[in-house]
Amino acid sequence: VIIWLFERRAKRLRLESHLKAERDAGKEKGQRSMLHLVARVRLTEQEALQASFRSRHIARVLTTSKLDGMAKDSLFEYRD
């Protein structure tokens, strides 16, 4: 059980660290897609989503299509 909790915390911290570095390095908000996170942070989609919900620093932002207002993509960003 302790190892599972440690691994879960490590995944959350890895995701937070990556998103914070992306935000601090660029001129943009540092919003990143799920595909980007899977490739760069090496978490599965499920792990990244679970880590984002456990974090008080990671916000999920939904983008919509300007044509029909339908959801287009889910982005993740670091917030202090």
Side-chain angles (χ1 to χ4, degrees):
V1 174
I2 293 173
I3 293 172
W4 176 74
L5 289 173
F6 177 77
E7 288 175 352
R8 193 171 83 163
R9 179 179 182 269
K11 290 173 185 177
R12 179 182 53 82
L13 292 176
R14 202 164 71 214
L15 183 59
E16 287 177 354
S17 174
H18 178 76
L19 288 172
K20 185 175 183 187
E22 291 286 319
R23 182 198 67 184
D24 294 344
K27 296 178 183 177
E28 61 202 47
K29 294 180 183 179
Q31 294 177 335
R32 297 295 179 256
S33 68
M34 179 66 78
L35 183 59
H36 172 90
L37 295 176
V38 168
R40 299 290 168 96
V41 185
R42 298 190 182 211
L43 297 175
T44 65
E45 289 183 12
Q46 182 180 4
E47 290 170 337
L49 194 58
Q50 287 175 352
S52 75
F53 278 107
R54 284 193 306 270
S55 174
R56 61 181 168 190
H57 294 290
I58 299 174
R60 289 152 310 280
V61 180
L62 189 63
T63 60
T64 57
S65 171
K66 293 185 181 196
L67 296 175
D68 57 7
M70 298 294 288
K72 187 170 82 171
D73 200 8
S74 180
L75 301 175
F76 299 81
E77 70 180 11
Y78 185 88
R79 294 185 183 165
D80 289 321

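All values derive from a computational prediction rather than experimental measurement. Positions are given from 1 along the sequence.
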In this structure, which one of K20, R56, R23 forms a salt bridge (Lys or Arg N to Asp or Glu O under 4.0 Å) with D80? R23
Do L37 and E22 come within less than 4.5 Å of each other through their side chains, counting heavy atoms only? no
Under 4.5 Å between any side-chain heavy atoms of E7 and E47, yes or no? no
So, do R54 and R8 sit near enough that their side-chain heavy atoms are less than 4.5 Å apart? yes
Drop me the distance from L15's CG to H57's NE2, to the nearest 0.5 angstrom. 12.0 Å
For L35, is the CG atom crowded, meaning more than 12 foreign heavy atoms sit under 6.0 Å from it? no
Can you name the closest pair of heavy atoms from D73 and S33 and give their distance? OD2-CB, 3.9 Å
Same apolar cluster: F76 and V61, side chain cutoff 4.5 Å: no
With clusters defined by side-chain heavy atoms of hydrophobic residues (ILVMFWY) lying less than 4.5 Å apart, directly or transitively, does L49 cluster with V41? yes
Can you measure from OG (S65) to NZ (K72) and round to the nearest 0.5 angstrom? 6.5 Å
If you count heavy atoms of other groups shown closer than 6.0 angstrom to CD of Q46, is the number above 12? no
Report the distance from atom CE of M34 to atom OG of S52, rounding to the nearest 0.5 Å. 6.5 Å
So does E77 pair up with K29, basic N to acidic O under 4.0 Å? no
Counting neighbours of CZ on R60 that are heavy atoms of other residues, nucleotides or ligands and sit closer than 6.0 Å, is the number greater than 12? yes
Ring-face cation contact, Y78 with R32, 6.0 Å cut, 45° max: no
Would you say that more than 12 heavy atoms from the other residues, nucleotides or ligands in this model lie under 6.0 Å from the CG of L5, or not? yes
Verify the cluster assignment for I58 and V38: are they in a single hydrophobic cluster under the rule of side-chain heavy atoms below 4.5 Å apart? yes
Drop me the distance from L19's CG to Q31's CD, to the nearest 0.5 angstrom. 10.0 Å
Side-chain ion pair, R12 and E16, N-O less than 4.0 Å: yes
